[in-house]
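Please read the structure below before turning to the comments.
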Amino acid sequence: MKNTLPESGPFFARDRDWHPPAFAPGYKTTVLRSPQRALISLDGTKSEITGPVFGHNTIGEFDNDLIINYAKPGEMAIGQRILVHGRVLDERGVGVAGALVEFWQANAGGRYRHKKETYLAALDPNFGGFGRTIADENGYYWFRTIKPGPYPWPNGVNDWRPAHIHFSVFGHGFAQRLITQMYFEGDPLIWICPIVKTIPDEEAIKRLIAPLDMNNTIPMDMRAYKFDIVLRGRRSTFFENRKEGN
Amino acid sequence: MVQPLNYLKESPSQTAGPYVHIGCTPNFTGIHGVYETDLGSGPMYNDKTRGERITIRGRVFDGSGTVLKDALVEIWQADSDGFYNSPSETRGSADPNFFGWGRCPADMTTGEFVFETIKPGKVPFRDGRLMAPHVTLWIVARGINIGLQTRMYFSDEEAANAEDPVLARIEHRVRVPTLIGKREGDTVTFDIHLQGENETVFFDI
Ligand SMILES: [Fe+2]
């Protein structure tokens with residue numbers, strides 16, 4: 001199936017056992033921020049199966065290059081140079097053409113450029129820590145950055161976030177809207193992180209761990225990590241518009 | 001053995017965390033010069049947009065009644081005639097001067113989110129009945145593991161709300177008012193309660 005015709009089917013039901021539950025007391029902030037009552041279930045209507053489309057003019061030339069998009073002219077962010085690339089797919093395996101992907105991260109020392117960030121690691125004057133891109137017609141996307149550092153956070157007395165990049169993704173329908181995080185292969189902090197552990201299924205956690213991709217690593221320049229993102233699939237509309245009865 | 005279905009699994013959600021602003025609204029957090037403006041900020045209409053101008057204001061409260069100062073809210077809505085500006089809108093074309101999507105971070109002091117928009121028209125439900133005018137909301141924040149989906153209807157649409165097929169699905173009728181924005185003049189106030197007696201109705205949709 002190609003994305004040539006606009007699709008108007010509802011999305012597959014979300015597997016709520018695969019996603020983290022709202023209430024996950026190991027991550028303390030969820031305790032008072034998790035709805036306690038059952039969600040009202042509904043097959044998608046026009047209001048959820050439609051969604052905004054962002055044109056390529058939304059994006060600036062250097063938006064997908066975090067090594068230079070905040071740096072002074074001629075300078076670069078400090079850290080391990082990496083390429084992050086992959087596809088935005090839906091559950092049918094179809095590339096999500098034109099998906100807007102936004103990302104943000106800490107610098108190489110684990111420090112975010114944010115008013116409310118208090119970690120003592122140094123700020124990098126040449127690193128903003130965010131970017132965005134629009135996937136191509138096959139759902140393929142890429143950006144260049146530095147590998148973020150792990151950082152401590154106030155939850156348990158000694159909790160550390162594994163190195164990670166936050167992702168915000170738009171598909172073709174507002175019901176596909178997703179925020180998630182990408183982790184790096186081999187990081188021992190992944191398996192002891194209270195936020196990672198909100199995801200109940202180990203198989204699901206693995207879907208968020210990007211492997212080192214030596215085939216796309218650029219010799220003498222930067223290593224590559226491959227990260228595919230899967231959004232909800234859309235149902236085919238074979239019988240959707242047929243009136244019932246009389 | 002049977003044939004494999006070969007469907008992929010959706011990527012599991014993770015919290016937006018406390019620094020979602022860096023990625024989604026950098027200018028709001030004081031990082032200028034990379035993006036000209038924050039995506040989804042400012043009025044959602046221009047001079048040529050059809051429809052009645054309204055302002056939606058609200059706050060998000062946790063289970064202790066404390067206002068969230070780090071939430072991010074997005075809205076998606078139809079134009080004044082009930083058409084969405086989306087390729088999946090198959091019934092007709094929407095007002096070209098209305099994009100229909102907005103994004104607003106909660107104010108870091110007051111926790112308030114504000115959308116300057118237009119009142120949407122009615123959109124048909126799956127069976128063709130009309131839904132009452134409504135705005136779709138998506139809420140993320142630190143401590144929210146998967147984005148929350150809800151809707152805001154309008155208090156000045158009592159008759160349409162009474163016929164709305166989605167509101168009709170809500171068994172506990174005392175909860176319906178949690179989805180109704182209170183309209184006074186051009187302002188519609190819509191507070192969201194994550195927990196407690198007035199917990200907002202959230203959807204799995
Ligand atoms: Fe983070």
Side-chain angles (χ1 to χ4, degrees), chain A residues 6-8 14 18-20 22 24 29-30 32-33 35-37 39-53 69-70 89 91-93 102-104 112-116 128-130 166 168 172-175 177-181 195 198-199 204 207-208 229-233, chain B residues 6-24 26 29-31 34-35 39 62-64 74 76 84-90 99-101 108 123-126 131 134 136 138 140-148 166 169-170 194-195 199 201-205:
Chain A
E7 294 185 281
S8 57
R14 228 170 199 157
W18 177 257
H19 287 286
T29 313
T30 69
L32 283 172
R33 293 186 171 194
Q36 305 290 297
R37 307 198 189 186
L39 302 175
I40 304 290
S41 304
L42 199 64
D43 200 16
T45 74
K46 277 279 175 220
S47 302
E48 295 81 26
I49 64 183
T50 56
V53 173
N69 72 0
Y70 187 81
L89 302 161
E91 290 170 294
R92 301 168 302 180
E102 299 167 290
F103 20 86
W104 64 100
Y112 282 97
R113 184 173 289 283
H114 192 280
K115 283 176 184 166
K116 296 203 170 167
F130 59 93
H166 297 264
S168 164
H172 296 161
F174 202 51
R177 200 71 186 81
L178 183 74
I179 278 187
T180 189
Q181 301 182 26
I195 287 178
T198 60
I199 301 172
R207 307 299 166 94
L208 299 183
I229 301 161
V230 182
L231 304 179
R232 297 169 69 177
Chain B
N6 288 332
Y7 288 120
L8 304 176
K9 293 293 281 185
E10 188 185 9
S11 297
S13 174
Q14 290 270 261
T15 180
Y19 306 128
V20 60
H21 314 104
I22 297 176
C24 293
T29 185
I31 311 175
V34 182
Y35 300 164
L39 208 57
D62 75 11
S64 76
E74 291 183 2
W76 171 241
Y84 284 99
N85 196 334
S86 161
S88 302
E89 174 59 271
T90 48
F99 190 54
W101 174 81
M108 285 190 196
V123 175
F125 189 59
R126 299 185 59 72
M131 297 189 279
H134 64 274
T136 301
W138 185 74
V140 293
R142 175 174 68 98
I144 295 177
N145 283 333
I146 180 164
L148 298 169
V166 173
R169 287 286 184 91
I170 300 168
L194 301 178
Q195 290 181 2
E199 182 177 312
V201 168
F202 297 105
F203 293 96
D204 185 9
I205 198 165

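Each chain gets a letter, A, B and so on, in the order its sequence line appears, and its residues count up from 1.
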Legend entry - Contact origin within A:L208 toward chain B - heavy atom pairs under 4.5 Å: side chain
Inset, instruction - Could you grab the distance from atom CD1 of B:I170 to atom CG of A:L42, nearest 0.5 Å is fine? - result: 9.5 Å
Inset, instruction - Check each atom of A:F174 against the heavy atoms of chain B and say whether the ones under 4.5 Å are side chain, backbone, both or neither. - result: side chain
Inset, instruction - Mind listing the closest non-hydrogen atom pair of A:W104 and B:A16 along with its distance? - result: CZ2-O, 3.7 Å
Inset, instruction - First locate atom CG of A:L39, then atom CG of B:L148, and finally report the distance between them rounded to the nearest 0.5 Å. - result: 8.0 Å
Inset, instruction - Give, as side chain, backbone, both or neither, the part of B:F202 having an atom under 4.5 angstrom from any heavy atom of chain A. - result: both
Inset, instruction - Just give me the residue among B:L39, B:V166, B:V123 that pairs up with chain A most often, heavy atom to heavy atom, under 4.5 Å. - result: B:L39
Inset, instruction - State, to 0.1 Å, how close B:Q14 and A:P20 come at their nearest heavy-atom pair, and which atoms those are. - result: NE2-CG, 4.5 Å
Legend entry - Segment of A:H114 engaging chain B (4.5 angstrom heavy-atom cut-off): both
Inset, instruction - Identify which part of A:L178 has an atom lying under 4.5 Å from any heavy atom of chain B, answering side chain, backbone, both or neither. - result: both
Inset, instruction - Could you have a look at B:P87, B:S13, B:G63 and say which one has the most heavy-atom pairs with chain A under 4.5 angstrom? - result: B:S13
Legend entry - B:I146 vs A:R14 side-chain heavy atoms within contact, under 4.5 Å: yes
Legend entry - Side-chain heavy-atom pair B:Y7, A:V230 within 4.5 angstrom cut-off: no
Inset, instruction - For A:R207 and B:P12, indicate whether the former's side chain and the latter's backbone hold a donor-acceptor pair under 3.5 Å. - result: no
Inset, instruction - Under 4.5 Å, counting heavy-atom pairs only, tell me which of A:I195, A:I49, A:L231 racks up the most with chain B. - result: A:I195
Legend entry - Interchain contact, A:S168 with chain B, by part (heavy-atom threshold 4.5 Å): side chain
Inset, instruction - Give, as side chain, backbone, both or neither, the part of A:A175 having an atom under 4.5 angstrom from any heavy atom of chain B. - result: both
Inset, instruction - State the CZ-CG distance between A:R92 and B:N6, to the nearest 0.5 angstrom. - result: 14.5 Å
Inset, instruction - Please flag which part of A:E102 lies under 4.5 Å from any non-hydrogen atom of chain B: side chain, backbone, both or neither. - result: side chain
Inset, instruction - Name the region of B:F99, side chain, backbone, both or neither, that has any atom closer than 4.5 Å to a heavy atom of chain A. - result: side chain
Legend entry - Over all atoms of both residues, closest heavy-atom pair of A:R33 and B:R142: NH1-O, 2.7 Å
Legend entry - Max heavy-atom pair count under 4.5 Å with chain B, selected residue of A:G44, A:S47, A:S41: A:S47
Legend entry - A:T198 portion near chain B, given a 4.5 angstrom heavy-atom threshold: side chain
Legend entry - Part of B:M131 lying under 4.5 Å from any heavy atom of chain A: side chain
Legend entry - Winner by heavy-atom pair count (cut-off under 4.5 Å) against chain B, out of A:T45, A:T50, A:L89: A:T50
Legend entry - Rounded distance [0.5 Å steps], CZ in A:F130 versus SG in B:C24: 11.0 Å
Inset, instruction - Quick one: pull up CD1 in B:I22 and NZ in A:K115 and give me the separation to the nearest 0.5 Å. - result: 11.5 Å
Legend entry - Residue part contacting chain B, namely of A:R232, when any heavy atom lies under 4.5 Å: both
Inset, instruction - Classify the side-chain pair A:K116/B:T29 by whether it contains a donor and acceptor separated by less than 3.5 Å. - result: no
Legend entry - Side-chain (B:S86) to main-chain (A:G51) donor-acceptor, under 3.5 angstrom: yes
Inset, instruction - Look at A:G129, A:A204, A:A24 and state which one has the largest set of heavy-atom pairs under 4.5 Å with chain B. - result: A:A204
Inset, instruction - Drop me the distance from A:E48's CD to B:W138's CH2, to the nearest 0.5 angstrom. - result: 14.5 Å
Inset, instruction - Indicate yes or no: at least one non-hydrogen side-chain atom of A:H19 is less than 4.5 angstrom from one of B:N145. - result: no
Legend entry - chain B contact via A:Q181 - which portion, at a heavy-atom distance below 4.5 Å: both
Inset, instruction - For each of B:G147, B:G17, B:P26, tally heavy-atom pairs with chain A at distances under 4.5 Å, and name the one with the top tally. - result: B:P26
Inset, instruction - Would you confirm whether B:S88, through its side chain, and A:E7, through its main-chain N or O, come within 3.5 Å as a donor-acceptor pair? - result: yes
